[in-house]
Asker: 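This is the structure, below, for whatever I ask next.
This structure is a prediction, so every number in the text was calculated from the model and none was measured. Naming convention: chains lettered A, B, ... in sequence-line order (proteins, then strands); numbering from 1 in each chain.
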There are 2 protein chains.
Amino acid sequence: MRLTKGCKKVLEVLEHAHDLSSAQDIHGRMRGEDDKAPGLTTVYRSLESLVSMGLVQAVDLGDGERRYELVKPGEHHHHLVCESCRSSVHLDQCLIEELEEGIRHKYGFQIKGHILEIFGTCKGCLTK
Amino acid sequence: MRLTKGCKKVLEVLEHAHDLSSAQDIHGRMRGEDDKAPGLTTVYRSLESLVSMGLVQAVDLGDGERRYELVKPGEHHHHLVCESCRSSVHLDQCLIEELEEGIRHKYGFQIKGHILEIFGTCKGCLTK
DNA sequence: CCGCACAATAGAAATGGATTTCATTTCTAA
DNA sequence: TTAGAAATGAAATCCATTTCTATTGTGCGG
Ligand SMILES: [Mn+2]
Ligand SMILES: [Mn+2]
Ligand SMILES: [Zn+2]
Ligand SMILES: [Zn+2]
């Protein structure tokens, strides 16, 4: 699996992004500064590659639009998403991984992955 | 918020369902046994009502199709979803609720809701 | 009963993110 | 240089969900 030109452009955008970006966000950003940047299809394909390479994490907020962000290779984390200002706090540890052993014993279930995102109101919005 | 005729039909179907059902599953089931059962639009609207009444839980498996199931009023739970046979184990306790207090203190974040689903291979499929 | 106001409903059309298709271009390795 | 593989873009398509609009059902005052 190679790091194609498209992938590199996507990485560039993600490096400068301040929060979670959708495929269309990324594409829009690219095209904004360069008319002949890769097309949306390529962005989707690049994201797919980057995710499977472990360089990028896909985040599912349950609103039908997947978001992406750079991560330390092979790692992942979860978020506290503010429903008021849409900002998100990046949690420093995954709560699920600790439970894997217990779940495997209790249910005989082999965990491969998981979705976990938490919604609510952030500190800033609470005090306002 | 009333229990309309559509809502009742949806509840009926969910009572007999054995696993998570999508809106279209439910609609299909209805129409299968009665040509003039409520339309898909009504099913969606009924599910929306039932969810906000706390009688039905919406489950997001990240595949773009929301599923629904009956729950004890006001409660919710999470699942171990087998990627091989698509069956799901219903967990008996929510891991997140225990963490709310800690997260509120550490981040000043007020939790309102969350998504949590776990994927992997179930006992049955592992032994096969 | 009648007619009216309003809720519930159906079906069609619109929406929107994601994916597929396929012709074309670019890369890579003889 | 050249053939095959990989990458790409634009348009077409998919598909769950939402919106729109016309129709139907229901409760109620007269
Ligand atoms: Mn993050
Ligand atoms: Mn369940
Ligand atoms: Zn995790
Ligand atoms: Zn929970």
Side-chain angles (χ1 to χ4, degrees), chain A residues 1-14 17 19-53 55-69 81 86 113 115 117, chain B residues 1-14 17 19-53 55-69 81 86 115 117 119:
Chain A
M1 186 153 292
R2 292 182 42 250
L3 220 41
T4 66
K5 219 176 297 179
C7 286
K8 284 181 200 149
K9 277 262 177 58
V10 168
L11 280 178
E12 255 177 62
V13 171
L14 287 179
D19 38 5
L20 302 172
S21 316
S22 70
Q24 324 226 17
D25 287 342
I26 295 166
H27 180 244
R29 189 87 54 89
M30 283 173 167
R31 283 287 166 97
E33 53 193 42
D34 175 8
D35 279 357
K36 47 216 308 295
L40 186 54
T41 318
T42 299
V43 172
Y44 276 110
R45 280 190 290 235
S46 300
L47 286 168
E48 192 187 355
S49 304
L50 293 168
V51 167
S52 74
M53 283 187 272
L55 299 178
V56 165
Q57 170 181 353
V59 179
D60 191 325
L61 300 184
D63 67 348
E65 192 173 15
R66 224 165 310 168
R67 319 300 167 93
Y68 301 85
E69 72 178 322
V81 180
R86 303 309 299 173
I115 308 177
E117 302 298 336
Chain B
M1 186 154 292
R2 291 184 42 253
L3 263 194
T4 66
K5 224 174 299 181
C7 286
K8 284 181 201 150
K9 277 261 178 58
V10 168
L11 280 178
E12 254 176 64
V13 171
L14 287 179
D19 38 4
L20 301 173
S21 316
S22 71
Q24 324 227 14
D25 286 343
I26 295 166
H27 181 242
R29 188 87 55 88
M30 282 174 168
R31 282 288 165 98
E33 54 192 41
D34 176 9
D35 278 358
K36 48 217 306 295
L40 186 54
T41 317
T42 300
V43 172
Y44 275 110
R45 203 179 4 211
S46 300
L47 285 169
E48 192 187 354
S49 304
L50 292 168
V51 167
S52 74
M53 283 188 271
L55 299 179
V56 165
Q57 170 182 353
V59 179
D60 192 325
L61 300 183
D63 66 349
E65 192 175 14
R66 224 165 307 165
R67 318 299 167 96
Y68 301 86
E69 73 177 324
V81 180
R86 304 309 297 173
I115 307 177
E117 303 297 335
F119 304 93

Asker: Output the distance between atom CG (Leu47(B)) and atom CG (Leu14(B)), rounded to the nearest 0.5 Å.
Answerer: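 Leu47(B) CG to Leu14(B) CG: 6.5 Å, rounded to 0.5 Å.
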Asker: How many angstroms lie between atom CZ of Arg67(B) and atom CD1 of Ile26(B), to the nearest 0.5 angstrom?
Answerer: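 One gets 11.0 Å once the value is rounded to the nearest 0.5 Å.
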Asker: Can you see if the side chain of Arg31(B) gets near the phosphate of dG11(C) - specifically, an N or O under 4.0 Å from OP1 or OP2?
Answerer: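 Yes, because at least one side-chain N or O of Arg31(B) sits under 4.0 Å from OP1 or OP2 of dG11(C).
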Asker: What verdict does the side-chain contact (heavy atoms from CB on, under 4.5 Å) test give for Met53(B) and Leu3(B), after you've listed the backbone C-alpha separation in whole Å, the side-chain angles of each residue and the deciding distance to 0.1 Å?
Answerer: CA-CA 10 Å; Met53(B) 283 188 271; Leu3(B) 263 194; 3.9 Å; yes
Asker: Below the 4.0 Å mark, does dG17(C) have OP1 or OP2 next to a side-chain nitrogen or oxygen of Gln24(A)?
Answerer: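 Yes, such a contact exists.
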Asker: To the nearest 0.5 Å, what is the distance between CD (Glu69(A)) and CG (Leu20(A))?
Answerer: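 The CD atom of Glu69(A) sits 5.0 Å away from the CG atom of Leu20(A).
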Asker: Under the criterion side-chain contact (heavy atoms from CB on, under 4.5 Å), I'd like the reasoning laid out for Asp34(A) against Lys9(A): C-alpha separation, chi angles, the key distance, then a yes or no.
Answerer: CA-CA 11 Å; Asp34(A) 175 8; Lys9(A) 277 262 177 58; 4.1 Å; yes
Asker: Using whole Å, report how far CG of Leu47(B) lies from P of dT18(D).
Answerer: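 Taking atom P of dT18(D) as the reference, CG of Leu47(B) is at 10 Å.
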Asker: Rounded to the nearest angstrom, tell me the gap between atom CG in Leu61(B) and atom P in dC15(D).
Answerer: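 About 18 Å, once rounded to whole Å.
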Asker: Gln57(B) and Val51(B): side-chain contact (heavy atoms from CB on, under 4.5 Å), yes or no, with the steps?
Answerer: CA-CA 6 Å; Gln57(B) 170 182 353; Val51(B) 167; over 6 Å; no
Asker: Using only side-chain N and O atoms of Tyr44(A), determine if any of them is under 4.0 Å from OP1 or OP2 of dT19(C).
Answerer: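 No, Tyr44(A) has no side-chain N/O under 4.0 Å of OP1/OP2 on dT19(C).
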Asker: When rounded to the nearest 0.5 angstrom, what distance separates CZ in Arg66(B) from CG in Asp60(B)?
Answerer: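 One finds 7.0 Å between CZ of Arg66(B) and CG of Asp60(B).
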Asker: Nearest whole angstrom, please: distance from the C1' of dT18(D) to the CG of Asp63(A).
Answerer: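 About 15 Å, once rounded to whole Å.
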Asker: Could you give the CZ-to-P distance, from Arg66(B) to dG17(C), as a whole number of Å?
Answerer: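 About 14 Å, once rounded to whole Å.
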Asker: Quick one: Arg45(A) CZ to dC22(C) P, roughly how many Å, whole number?
Answerer: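 My rounded result for the distance is 14 Å.
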Asker: Is there a residue in residues 35-43 of chain A whose heavy atoms reach under 4.0 Å of DNA chain D, and which residues are they?
Answerer: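 Correct list: Ala37(A), Pro38(A), Gly39(A), Thr41(A), Thr42(A).
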Asker: Tell me: CG of Leu3(B) to P of dA7(C), nearest whole Å?
Answerer: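 It is 17 Å, rounded to the nearest whole Å.
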Asker: Rounded to whole angstrom units, what separation is found between the CD atom of Glu65(A) and the P atom of dA16(D)?
Answerer: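 One finds 19 Å between P of dA16(D) and CD of Glu65(A), rounded.
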Asker: In this structure, how many angstroms lie between the C1' atom of dT26(C) and the NZ atom of Lys5(A), rounded?
Answerer: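 Those two atoms, NZ and C1', are 7 Å apart.
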